[in-house]
Amino acid sequence: MKRFEALDDLKGATRDAVVDLLYRLGDDDLIMGHRDSEWTGLAPILEGDIAFSSMAQDKMGHSQAYYQMLHALGEPDPDKLAFGRKARQFRCAALACLPNDRDWALCIIRQFLYDSAGMVRLTALCDSTLTPLGQLARKLRGEKKYHLLHGRSWILRIGHSTREAGEKLQAALDRSYPFALGLFEPTEADEPLVQAGIAPREDELRKQWESAVAPVLIDAGLRVPETAVAVTGGRSGRHPEALAELLKNMQMVYSLDPTAKW
Amino acid sequence: MRDGESMAITSRLDHEARLTVVREAIAGVTDPEIPVLSVVDMGIISDVRIEGDHIIVDVTPTFVGCPALDVIRQDIRRAALETGETDVTVRFVYDPPWTSDRITEEGRRKLLKFGLAPPGQRCGEHQTPDLNQTPCPYCGSTETDLESLFGPTLCRSIHYCRTCLQSFEHFKAV
(Lines give C-alpha, C1' and ligand atoms only; values in the text may rest on other atoms or scores of the structure.)
Protein backbone atom coordinates (compact mmCIF):
# COMPACT_ATOMS: atom_id res chain seq x y z
CA MET A 1 0.00 0.00 0.00
CA LYS A 2 1.13 3.54 -0.78
CA ARG A 3 2.88 5.32 2.09
CA PHE A 4 2.50 8.98 2.94
CA GLU A 5 5.97 10.04 4.10
CA ALA A 6 4.93 13.63 4.88
CA LEU A 7 1.69 15.40 5.75
CA ASP A 8 2.02 17.33 2.48
CA ASP A 9 1.61 14.08 0.55
CA LEU A 10 -2.05 13.94 1.66
CA LYS A 11 -4.59 15.14 -0.89
CA GLY A 12 -8.34 15.52 -1.31
CA ALA A 13 -10.68 13.27 0.65
CA THR A 14 -7.77 11.48 2.37
CA ARG A 15 -6.42 14.75 3.66
CA ASP A 16 -9.86 15.82 4.93
CA ALA A 17 -10.27 12.47 6.67
CA VAL A 18 -6.88 12.84 8.40
CA VAL A 19 -7.83 16.33 9.58
CA ASP A 20 -11.05 14.87 11.01
CA LEU A 21 -9.12 12.05 12.74
CA LEU A 22 -6.57 14.45 14.24
CA TYR A 23 -9.35 16.65 15.65
CA ARG A 24 -10.93 13.60 17.30
CA LEU A 25 -7.60 12.43 18.75
CA GLY A 26 -6.50 15.86 19.93
CA ASP A 27 -9.87 16.90 21.35
CA ASP A 28 -10.35 13.64 23.27
CA ASP A 29 -6.95 14.05 24.94
CA LEU A 30 -7.37 17.75 25.65
CA ILE A 31 -10.79 17.43 27.28
CA MET A 32 -9.93 14.21 29.12
CA GLY A 33 -6.68 15.86 30.22
CA HIS A 34 -8.63 18.81 31.58
CA ARG A 35 -10.95 16.49 33.51
CA ASP A 36 -7.88 14.71 34.95
CA SER A 37 -6.43 18.08 35.98
CA GLU A 38 -9.59 18.85 37.95
CA TRP A 39 -8.35 16.31 40.51
CA THR A 40 -5.25 18.38 41.24
CA GLY A 41 -5.37 19.11 44.96
CA LEU A 42 -8.63 17.20 45.47
CA ALA A 43 -7.93 13.46 45.08
CA PRO A 44 -8.60 11.22 48.11
CA ILE A 45 -4.88 10.48 48.55
CA LEU A 46 -1.71 12.30 47.54
CA GLU A 47 -0.60 9.58 45.08
CA GLY A 48 -3.96 9.82 43.32
CA ASP A 49 -3.57 13.56 43.09
CA ILE A 50 -0.08 13.27 41.57
CA ALA A 51 -1.21 10.52 39.20
CA PHE A 52 -4.17 12.45 37.77
CA SER A 53 -2.09 15.63 37.54
CA SER A 54 0.66 13.76 35.67
CA MET A 55 -1.80 12.04 33.34
CA ALA A 56 -3.38 15.43 32.67
CA GLN A 57 0.01 16.84 31.70
CA ASP A 58 0.71 13.84 29.43
CA LYS A 59 -2.69 14.08 27.73
CA MET A 60 -2.45 17.82 27.15
CA GLY A 61 1.02 17.23 25.69
CA HIS A 62 -0.42 14.56 23.42
CA SER A 63 -3.23 16.83 22.28
CA GLN A 64 -0.67 19.53 21.51
CA ALA A 65 1.28 17.09 19.32
CA TYR A 66 -1.91 16.28 17.33
CA TYR A 67 -2.76 19.98 17.09
CA GLN A 68 0.72 20.70 15.75
CA MET A 69 0.07 18.19 12.97
CA LEU A 70 -3.25 19.90 12.29
CA HIS A 71 -1.49 23.25 12.15
CA ALA A 72 0.98 21.80 9.63
CA LEU A 73 -2.10 20.84 7.58
CA GLY A 74 -3.30 24.44 7.51
CA GLU A 75 -5.55 24.53 10.60
CA PRO A 76 -5.12 27.24 13.29
CA ASP A 77 -2.22 27.04 15.77
CA PRO A 78 -2.46 24.77 18.85
CA ASP A 79 -3.34 27.57 21.30
CA LYS A 80 -6.13 28.79 19.06
CA LEU A 81 -7.43 25.24 18.66
CA ALA A 82 -7.47 24.59 22.39
CA PHE A 83 -8.66 27.95 23.63
CA GLY A 84 -10.30 29.67 20.68
CA ARG A 85 -13.02 27.19 19.67
CA LYS A 86 -16.62 26.85 20.80
CA ALA A 87 -18.13 23.57 22.03
CA ARG A 88 -19.78 22.65 18.70
CA GLN A 89 -16.38 22.91 16.95
CA PHE A 90 -14.91 20.18 19.18
CA ARG A 91 -14.93 16.53 18.06
CA CYS A 92 -14.36 14.78 21.40
CA ALA A 93 -16.50 11.87 22.59
CA ALA A 94 -19.01 12.47 25.39
CA LEU A 95 -17.00 10.22 27.76
CA ALA A 96 -14.44 13.00 28.20
CA CYS A 97 -17.16 15.58 28.84
CA LEU A 98 -18.75 13.77 31.81
CA PRO A 99 -18.19 15.91 34.92
CA ASN A 100 -16.00 14.34 37.63
CA ASP A 101 -18.58 15.09 40.35
CA ARG A 102 -15.78 14.21 42.80
CA ASP A 103 -16.74 10.59 42.12
CA TRP A 104 -13.52 8.58 42.45
CA ALA A 105 -15.06 5.31 41.24
CA LEU A 106 -16.39 7.00 38.10
CA CYS A 107 -13.10 8.71 37.32
CA ILE A 108 -11.04 5.56 37.87
CA ILE A 109 -13.33 3.46 35.67
CA ARG A 110 -13.43 6.17 33.03
CA GLN A 111 -9.65 6.56 33.10
CA PHE A 112 -9.22 2.82 32.60
CA LEU A 113 -11.80 2.60 29.77
CA TYR A 114 -10.43 5.71 28.07
CA ASP A 115 -6.75 4.81 28.25
CA SER A 116 -7.43 1.23 27.17
CA ALA A 117 -9.12 2.66 24.09
CA GLY A 118 -6.14 4.97 23.60
CA MET A 119 -3.73 2.06 23.78
CA VAL A 120 -5.71 0.01 21.24
CA ARG A 121 -5.85 3.01 18.90
CA LEU A 122 -2.18 3.97 19.23
CA THR A 123 -1.10 0.36 18.69
CA ALA A 124 -3.12 0.28 15.46
CA LEU A 125 -1.76 3.68 14.37
CA CYS A 126 1.83 2.42 14.73
CA ASP A 127 1.20 0.61 11.42
CA SER A 128 -0.33 3.66 9.73
CA THR A 129 0.71 4.40 6.14
CA LEU A 130 0.95 8.02 7.29
CA THR A 131 4.56 8.00 8.53
CA PRO A 132 4.50 11.04 10.86
CA LEU A 133 1.36 9.72 12.59
CA GLY A 134 2.87 6.24 13.01
CA GLN A 135 6.02 7.77 14.54
CA LEU A 136 4.00 9.87 16.97
CA ALA A 137 1.83 6.87 17.93
CA ARG A 138 4.91 4.79 18.78
CA LYS A 139 6.16 7.56 21.02
CA LEU A 140 2.83 8.15 22.80
CA ARG A 141 2.26 4.45 23.41
CA GLY A 142 5.30 4.26 25.72
CA GLU A 143 3.74 6.94 27.94
CA LYS A 144 0.22 5.55 27.72
CA LYS A 145 1.28 2.25 29.27
CA TYR A 146 1.67 3.98 32.65
CA HIS A 147 -1.87 5.34 32.45
CA LEU A 148 -3.11 1.86 31.73
CA LEU A 149 -1.15 0.37 34.66
CA HIS A 150 -2.63 3.06 36.91
CA GLY A 151 -6.24 2.39 35.90
CA ARG A 152 -5.89 -1.38 35.98
CA SER A 153 -4.23 -1.52 39.42
CA TRP A 154 -6.87 0.80 40.95
CA ILE A 155 -9.78 -1.18 39.50
CA LEU A 156 -8.39 -4.44 40.81
CA ARG A 157 -7.69 -2.88 44.20
CA ILE A 158 -11.17 -1.39 44.55
CA GLY A 159 -12.85 -4.46 43.05
CA HIS A 160 -11.15 -6.76 45.55
CA SER A 161 -11.88 -4.61 48.61
CA THR A 162 -15.26 -4.14 50.33
CA ARG A 163 -18.68 -4.94 48.98
CA GLU A 164 -19.69 -1.29 49.04
CA ALA A 165 -16.60 -0.37 46.99
CA GLY A 166 -17.47 -3.07 44.44
CA GLU A 167 -21.04 -1.78 44.15
CA LYS A 168 -19.85 1.79 43.58
CA LEU A 169 -17.45 0.57 40.94
CA GLN A 170 -20.20 -1.42 39.18
CA ALA A 171 -22.51 1.60 39.21
CA ALA A 172 -19.70 3.74 37.76
CA LEU A 173 -19.06 1.12 35.06
CA ASP A 174 -22.74 0.87 34.14
CA ARG A 175 -22.93 4.65 33.85
CA SER A 176 -19.74 5.26 31.87
CA TYR A 177 -19.68 2.23 29.57
CA PRO A 178 -22.19 3.59 26.99
CA PHE A 179 -20.15 6.80 26.85
CA ALA A 180 -16.93 4.79 26.39
CA LEU A 181 -18.54 2.99 23.43
CA GLY A 182 -19.05 6.45 21.94
CA LEU A 183 -15.25 6.73 21.57
CA PHE A 184 -15.73 4.43 18.57
CA GLU A 185 -18.56 6.36 16.92
CA PRO A 186 -18.17 5.75 13.17
CA THR A 187 -17.67 8.84 11.02
CA GLU A 188 -17.55 9.61 7.31
CA ALA A 189 -13.77 9.67 7.62
CA ASP A 190 -13.65 5.92 8.35
CA GLU A 191 -13.84 4.78 4.74
CA PRO A 192 -11.12 7.05 3.28
CA LEU A 193 -8.84 6.32 6.26
CA VAL A 194 -9.27 2.56 5.86
CA GLN A 195 -8.83 2.74 2.06
CA ALA A 196 -5.56 4.63 2.47
CA GLY A 197 -4.32 2.34 5.26
CA ILE A 198 -4.02 5.31 7.64
CA ALA A 199 -6.29 4.05 10.43
CA PRO A 200 -8.53 1.02 11.01
CA ARG A 201 -12.32 1.16 11.05
CA GLU A 202 -13.83 2.35 14.36
CA ASP A 203 -15.91 -0.86 14.65
CA GLU A 204 -12.72 -2.88 14.40
CA LEU A 205 -11.08 -0.83 17.19
CA ARG A 206 -14.18 -1.23 19.34
CA LYS A 207 -13.93 -5.03 19.08
CA GLN A 208 -10.27 -4.96 20.07
CA TRP A 209 -11.05 -2.66 22.98
CA GLU A 210 -13.88 -4.88 24.22
CA SER A 211 -11.56 -7.88 24.31
CA ALA A 212 -8.89 -5.82 26.08
CA VAL A 213 -11.05 -4.40 28.90
CA ALA A 214 -13.36 -7.35 29.62
CA PRO A 215 -10.76 -9.63 31.33
CA VAL A 216 -9.68 -6.85 33.73
CA LEU A 217 -13.29 -5.91 34.58
CA ILE A 218 -14.19 -9.55 35.18
CA ASP A 219 -11.05 -10.05 37.28
CA ALA A 220 -12.20 -7.13 39.44
CA GLY A 221 -15.53 -8.91 40.00
CA LEU A 222 -17.52 -6.63 37.70
CA ARG A 223 -20.25 -7.43 35.18
CA VAL A 224 -19.51 -6.11 31.68
CA PRO A 225 -22.55 -4.12 30.45
CA GLU A 226 -22.84 -6.14 27.26
CA THR A 227 -26.14 -4.67 26.11
CA ALA A 228 -25.03 -1.06 26.52
CA VAL A 229 -25.78 1.27 23.60
CA ALA A 230 -23.14 3.81 22.54
CA VAL A 231 -23.75 7.47 23.33
CA THR A 232 -22.82 9.19 20.07
CA GLY A 233 -22.85 12.69 18.61
CA GLY A 234 -19.51 13.94 19.87
CA ARG A 235 -17.74 13.26 16.59
CA SER A 236 -20.13 15.59 14.77
CA GLY A 237 -20.00 18.32 17.40
CA ARG A 238 -23.13 17.44 19.39
CA HIS A 239 -22.05 17.47 23.03
CA PRO A 240 -23.62 17.43 26.48
CA GLU A 241 -23.98 20.84 28.11
CA ALA A 242 -21.08 19.91 30.41
CA LEU A 243 -18.57 20.58 27.60
CA ALA A 244 -19.60 24.22 27.26
CA GLU A 245 -19.19 24.62 31.02
CA LEU A 246 -15.76 22.96 30.94
CA LEU A 247 -14.63 25.22 28.07
CA LYS A 248 -15.86 28.34 29.84
CA ASN A 249 -13.57 27.43 32.71
CA MET A 250 -10.60 26.24 30.62
CA GLN A 251 -10.69 29.16 28.17
CA MET A 252 -11.39 31.88 30.74
CA VAL A 253 -7.93 33.45 30.77
CA TYR A 254 -7.34 33.15 27.02
CA SER A 255 -10.63 34.80 26.19
CA LEU A 256 -9.77 37.86 28.29
CA ASP A 257 -7.34 38.80 25.51
CA PRO A 258 -6.84 36.27 22.69
CA THR A 259 -4.07 38.40 21.15
CA ALA A 260 -1.97 38.59 24.35
CA LYS A 261 1.66 37.45 24.01
CA TRP A 262 2.85 35.07 26.76
CA MET B 1 46.33 20.88 -6.66
CA ARG B 2 43.88 23.02 -8.51
CA ASP B 3 42.31 25.96 -6.71
CA GLY B 4 38.80 24.58 -6.94
CA GLU B 5 39.80 21.28 -5.30
CA SER B 6 41.70 23.03 -2.55
CA MET B 7 38.74 25.25 -1.82
CA ALA B 8 36.43 22.25 -1.67
CA ILE B 9 38.74 20.55 0.86
CA THR B 10 39.01 23.71 2.96
CA SER B 11 35.26 24.08 2.94
CA ARG B 12 34.77 20.44 3.95
CA LEU B 13 37.23 20.83 6.83
CA ASP B 14 35.51 24.03 7.78
CA HIS B 15 32.19 22.19 7.72
CA GLU B 16 33.46 19.38 10.01
CA ALA B 17 35.12 21.88 12.37
CA ARG B 18 31.90 23.90 12.68
CA LEU B 19 29.89 20.77 13.40
CA THR B 20 32.36 19.66 16.09
CA VAL B 21 32.25 23.07 17.78
CA VAL B 22 28.44 23.14 17.73
CA ARG B 23 28.18 19.54 19.00
CA GLU B 24 30.54 20.32 21.89
CA ALA B 25 28.53 23.41 22.78
CA ILE B 26 25.28 21.44 22.77
CA ALA B 27 26.85 18.76 24.99
CA GLY B 28 27.11 21.45 27.68
CA VAL B 29 23.32 21.93 27.81
CA THR B 30 21.70 20.21 30.79
CA ASP B 31 18.16 19.03 31.54
CA PRO B 32 16.49 21.72 33.67
CA GLU B 33 14.69 19.09 35.78
CA ILE B 34 17.70 16.78 36.21
CA PRO B 35 20.60 19.25 36.13
CA VAL B 36 23.34 16.59 36.40
CA LEU B 37 22.35 15.17 33.01
CA SER B 38 23.33 16.74 29.69
CA VAL B 39 21.09 16.51 26.64
CA VAL B 40 23.70 14.15 25.15
CA ASP B 41 23.61 11.89 28.27
CA MET B 42 19.84 11.83 27.85
CA GLY B 43 20.20 10.68 24.25
CA ILE B 44 17.75 13.26 22.98
CA ILE B 45 20.02 14.79 20.30
CA SER B 46 19.26 12.73 17.23
CA ASP B 47 21.05 14.82 14.59
CA VAL B 48 23.14 17.97 14.15
CA ARG B 49 23.80 19.10 10.59
CA ILE B 50 24.73 22.09 8.46
CA GLU B 51 22.74 23.10 5.42
CA GLY B 52 24.53 26.09 3.89
CA ASP B 53 24.68 28.70 6.66
CA HIS B 54 21.93 26.97 8.53
CA ILE B 55 22.47 24.72 11.57
CA ILE B 56 19.68 22.20 12.21
CA VAL B 57 19.44 20.29 15.46
CA ASP B 58 16.94 17.43 15.69
CA VAL B 59 15.80 16.66 19.23
CA THR B 60 13.72 13.59 20.06
CA PRO B 61 11.69 14.48 23.18
CA THR B 62 11.61 12.25 26.26
CA PHE B 63 7.98 12.83 27.23
CA VAL B 64 5.80 14.59 24.64
CA GLY B 65 4.09 16.73 27.31
CA CYS B 66 7.32 17.51 29.20
CA PRO B 67 7.13 21.18 30.23
CA ALA B 68 10.94 21.40 30.14
CA LEU B 69 10.97 20.97 26.34
CA ASP B 70 10.68 24.65 25.52
CA VAL B 71 13.49 25.51 27.92
CA ILE B 72 15.66 22.74 26.43
CA ARG B 73 14.97 24.02 22.92
CA GLN B 74 15.97 27.58 23.89
CA ASP B 75 19.09 26.40 25.74
CA ILE B 76 20.28 24.30 22.79
CA ARG B 77 19.68 27.16 20.39
CA ARG B 78 21.50 29.62 22.62
CA ALA B 79 24.49 27.25 23.03
CA ALA B 80 24.77 26.86 19.25
CA LEU B 81 24.46 30.62 18.67
CA GLU B 82 27.21 31.29 21.21
CA THR B 83 29.70 29.43 18.98
CA GLY B 84 29.26 32.23 16.44
CA GLU B 85 26.60 30.57 14.29
CA THR B 86 23.87 32.96 13.22
CA ASP B 87 21.12 30.71 11.90
CA VAL B 88 20.05 27.84 14.18
CA THR B 89 16.85 25.81 14.14
CA VAL B 90 16.00 23.27 16.84
CA ARG B 91 13.29 20.84 15.75
CA PHE B 92 11.42 18.18 17.72
CA VAL B 93 11.21 14.88 15.86
CA TYR B 94 9.67 11.52 16.79
CA ASP B 95 11.88 9.42 14.54
CA PRO B 96 13.57 7.60 16.05
CA PRO B 97 11.21 7.77 19.03
CA TRP B 98 13.05 8.44 22.28
CA THR B 99 13.08 5.49 24.64
CA SER B 100 14.89 5.34 27.96
CA ASP B 101 17.39 2.93 26.34
CA ARG B 102 18.85 6.03 24.68
CA ILE B 103 20.22 7.28 28.03
CA THR B 104 23.98 6.70 27.81
CA GLU B 105 26.06 4.62 30.28
CA GLU B 106 27.55 7.88 31.52
CA GLY B 107 24.02 9.25 31.94
CA ARG B 108 22.98 6.19 33.96
CA ARG B 109 25.97 6.63 36.29
CA LYS B 110 25.09 10.29 36.79
CA LEU B 111 21.43 9.46 37.52
CA LEU B 112 22.47 6.93 40.16
CA LYS B 113 24.82 9.44 41.79
CA PHE B 114 21.99 11.99 41.76
CA GLY B 115 19.87 9.49 43.76
CA LEU B 116 17.55 8.67 40.87
CA ALA B 117 17.34 4.98 39.94
CA PRO B 118 18.10 4.62 36.22
CA PRO B 119 15.49 2.94 33.97
CA GLY B 120 15.80 -0.74 33.17
CA GLN B 121 17.25 -1.56 29.75
CA ARG B 122 15.13 -2.68 26.82
CA CYS B 123 11.79 -2.13 28.52
CA GLY B 124 10.97 0.89 26.38
CA GLU B 125 7.96 1.55 24.14
CA HIS B 126 5.06 -0.44 25.43
CA GLN B 127 6.46 -3.45 27.26
CA THR B 128 5.58 -3.28 30.92
CA PRO B 129 8.61 -3.24 33.20
CA ASP B 130 8.53 -4.90 36.59
CA LEU B 131 8.50 -1.83 38.77
CA ASN B 132 8.69 -3.69 42.03
CA GLN B 133 12.29 -4.70 42.79
CA THR B 134 13.70 -1.59 41.15
CA PRO B 135 17.26 -1.44 42.62
CA CYS B 136 17.60 1.22 45.32
CA PRO B 137 20.01 3.98 44.19
CA TYR B 138 21.32 4.38 47.77
CA CYS B 139 22.06 0.81 48.90
CA GLY B 140 21.55 -1.28 45.74
CA SER B 141 18.94 -3.54 47.37
CA THR B 142 16.17 -4.96 45.20
CA GLU B 143 13.91 -5.41 48.25
CA THR B 144 11.90 -2.42 47.09
CA ASP B 145 8.25 -1.62 46.40
CA LEU B 146 6.57 0.63 43.89
CA GLU B 147 4.77 3.36 45.86
CA SER B 148 3.43 5.52 43.03
CA LEU B 149 3.55 5.19 39.25
CA PHE B 150 3.73 8.95 39.00
CA GLY B 151 6.13 11.32 40.71
CA PRO B 152 7.25 14.94 40.87
CA THR B 153 7.99 15.04 37.12
CA LEU B 154 6.41 13.09 34.24
CA CYS B 155 9.49 10.85 33.94
CA ARG B 156 9.66 9.64 37.55
CA SER B 157 7.95 7.03 39.71
CA ILE B 158 8.24 6.74 43.51
CA HIS B 159 9.56 3.66 45.35
CA TYR B 160 10.39 2.54 48.88
CA CYS B 161 13.45 0.53 49.90
CA ARG B 162 12.76 -2.05 52.62
CA THR B 163 16.50 -2.52 53.26
CA CYS B 164 17.66 1.05 53.93
CA LEU B 165 14.13 2.29 54.70
CA GLN B 166 14.25 5.22 52.33
CA SER B 167 11.95 6.49 49.62
CA PHE B 168 13.57 7.01 46.26
CA GLU B 169 12.65 8.04 42.75
CA HIS B 170 13.14 6.11 39.56
CA PHE B 171 13.47 7.34 35.97
CA LYS B 172 10.64 5.45 34.24
CA ALA B 173 11.35 3.15 31.34
CA VAL B 174 9.46 4.31 28.28
Side-chain angles (χ1 to χ4, degrees), chain A residues 5-6 29-30 33 36-37 39-40 43 45-69 72 111 115 118-120 122-123 125-126 131-154 262, chain B residues 33 43-44 46 58-70 72-74 91-103 119-120 122-132 134 145-160 167 169-174:
Chain A
E5 294 302 335
D29 273 348
L30 180 72
D36 285 355
S37 80
W39 280 110
T40 304
I45 57 167
L46 182 62
E47 287 80 359
D49 198 312
I50 296 170
F52 270 109
S53 305
S54 298
M55 291 189 291
Q57 209 175 19
D58 275 336
K59 288 190 172 90
M60 288 178 190
H62 298 180
S63 69
Q64 195 180 21
Y66 294 125
Y67 289 160
Q68 267 156 0
M69 291 179 85
Q111 189 254 307
D115 285 315
M119 190 56 119
V120 163
L122 289 175
T123 302
L125 288 177
C126 287
T131 304
L133 184 59
Q135 288 170 349
L136 180 62
R138 264 199 300 286
K139 175 68 198 137
L140 301 186
R141 201 168 58 149
E143 301 179 14
K144 198 66 141 182
K145 76 180 174 199
Y146 287 99
H147 300 203
L148 210 52
L149 275 174
H150 177 265
R152 192 186 302 160
S153 60
W154 263 103
W262 294 84
Chain B
E33 285 179 341
I44 62 171
S46 72
D58 284 345
V59 177
T60 179
T62 51
F63 281 67
V64 174
C66 177
L69 286 177
D70 273 337
I72 293 175
R73 185 211 295 261
Q74 285 164 24
R91 307 187 318 171
F92 288 119
V93 297
Y94 299 108
D95 181 39
W98 187 87
T99 75
S100 40
D101 289 346
R102 289 178 63 97
I103 300 178
R122 285 177 295 283
C123 31
E125 288 211 35
H126 89 303
Q127 293 99 316
T128 306
D130 183 6
L131 289 164
N132 285 311
T134 297
D145 293 319
L146 170 68
E147 291 280 299
S148 172
L149 277 169
F150 297 92
T153 66
L154 288 185
C155 54
R156 307 188 208 185
S157 50
I158 303 173
H159 303 251
Y160 183 74
S167 288
E169 291 169 9
H170 166 234
F171 196 112
K172 285 193 246 188
V174 292

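Please read all numbers here as calculations on a predicted model, not as lab measurements.
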_Is A:L140 in contact with chain B via its backbone, its side chain, both, or neither, using a 4.5 Å heavy-atom distance?_
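The side chain, not the backbone.
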*Check each atom of A:Q57 against the heavy atoms of chain B and say whether the ones under 4.5 Å are side chain, backbone, both or neither.*
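The answer is both parts of A:Q57.
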*asked:* Less than 4.5 Å to any heavy atom of chain A: does that hold for the side chain of B:P96, its backbone, both, or neither?
replied: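 For B:P96, there is no contact with chain A at all, as no heavy atom is under 4.5 Å.
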*asked:* Please check this pair: side chain of A:K139 against backbone of B:T62, looking for a donor-acceptor N/O pair closer than 3.5 Å.
replied: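 Looks like yes, one N/O pair under 3.5 Å.
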*Sub-4.5 Å side-chain heavy-atom contact between A:Q64 and A:M60*: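 Heavy-atom side-chain distance check fails, nothing below 4.5 Å.
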_Close side-chain approach of B:V59 and B:W98, heavy atoms under 4.5 Å_ =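 With C-beta onward as the side chain, the pair stays apart.
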*What option among B:L154, B:T153, B:V93, B:L149 has the most heavy-atom pairs under 4.5 Å with chain A?*
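Option with the greatest count: B:L154.
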*Among B:K172, B:H170, B:E147, find the residue that satisfies the side chain to side chain donor-acceptor pair (under 3.5 Å) test when tested with B:S157.*
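Between B:S157 and the candidates, side chain to side chain donor-acceptor pair (under 3.5 Å) is satisfied uniquely by B:H170.
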